[in-house]
Amino acid sequence: MRNPFVKPAAFLCLFVLCLFTLPASTQADTYYVRRDGGTFRQCTGRADAPYPGSGYNRPCAWSHPFWALRGQDESAFWRIKGGDTLVIGQGSYKMGIGAPNTAWCSTDWSWACRLPPL
């Protein structure tokens, strides 16, 4: 006599195993930089819109590509992740020491004050 629970149990085990072997789905985000944007605290960077002039965490663009970075010690790391898009609007953006969000830059290592590889 066959056990009626063997096939469903085997199917369930196979199904659960497949769930754990599927890669986690990630969604890429798009971030925007424009001259009339705001800082990282003022804007989320996820909207191609100017900073309205007041408030925090607003749906507007960042004012400089360096806001896509977070500094630590004397190096910078990306706030955004691989697969994300950083759309940089028309205009000039100062690079190096003196640009916005460059507290991580050192005058001793000014050549390292740049956008790192993603």
Write down the atom of Cys60, the atom of Pro52, and the distance for their closest heavy-atom approach.
SG-CD, 4.2 Å
Give, for atom OH of Tyr51 and atom SG of Cys43, the distance between the pair rounded to the nearest 0.5 Å.
6.5 Å
dist Leu69:CG -> Asn101:CG (nearest 0.5 Å) comes out at 6.5 Å
Start with the C-alpha gap between Ile88 and Tyr93, add the side-chain angles, then the distance that decides, and say whether side chain to side chain contact (heavy atoms under 4.5 Å, CB included) holds.
CA-CA 10 Å; Ile88 301 175; Tyr93 300 93; 3.6 Å; yes
Aromatic contact between Trp78 and Tyr31, with the criterion being ring centroids under 6.0 Å apart: yes or no?
no
When rounded to the nearest 0.5 angstrom, what distance separates CZ in Arg58 from CD in Gln42?
10.0 Å
Audit row: Thr44, Asn57, side chain to side chain contact (heavy atoms under 4.5 Å, CB included) steps and yes/no
CA-CA 5 Å; Thr44 63; Asn57 205 28; 3.2 Å; yes
Pairwise side-chain contact, Val33 with Leu86, heavy-atom cut-off 4.5 Å (strictly under):
yes
Using modelled atom types and a 3.5 Å cut-off, is there a donor and acceptor pairing between side-chain atoms of Arg35 and backbone atoms of Gly91?
no
Please report the shortest heavy-atom distance between Pro59 and Ala47, naming the atom on each side.
O-CB, 3.3 Å
Please report the closest heavy-atom contact between Ala28 and Gly83, naming both atoms and the distance.
CB-O, 3.1 Å
Is there a donor-acceptor contact under 3.5 Å from the side chain of Thr102 to the main chain of Cys105?
no
Is there a side-chain contact between Pro50 and Arg34 in this structure, where contact means two heavy atoms from C-beta onward sitting under 4.5 Å apart?
yes
Joint hydrophobic cluster, Ile97 plus Trp67, side-chain heavy atoms closer than 4.5 Å
no
Side-chain heavy atoms nearer than 4.5 Å, only ILVMFWY residues, links allowed to pass through others: does that put Phe40 and Tyr56 together?
no
Exercise: identify the closest heavy-atom pair between His64 and Ala99:
NE2-CB, 3.9 Å
Would a distance-only check, ignoring hydrogens and angles, find a side-chain to backbone donor-acceptor pair under 3.5 Å from Asp84 to Thr30?
no
Could you give me the CA-CA distance, side-chain angles and deciding distance for Asp29 and Arg46, then say whether side chain to side chain contact (heavy atoms under 4.5 Å, CB included) is met?
CA-CA 8 Å; Asp29 291 314; Arg46 294 185 175 166; 3.4 Å; yes
Between Tyr32 and Trp62, ring centroids under 6.0 Å:
no
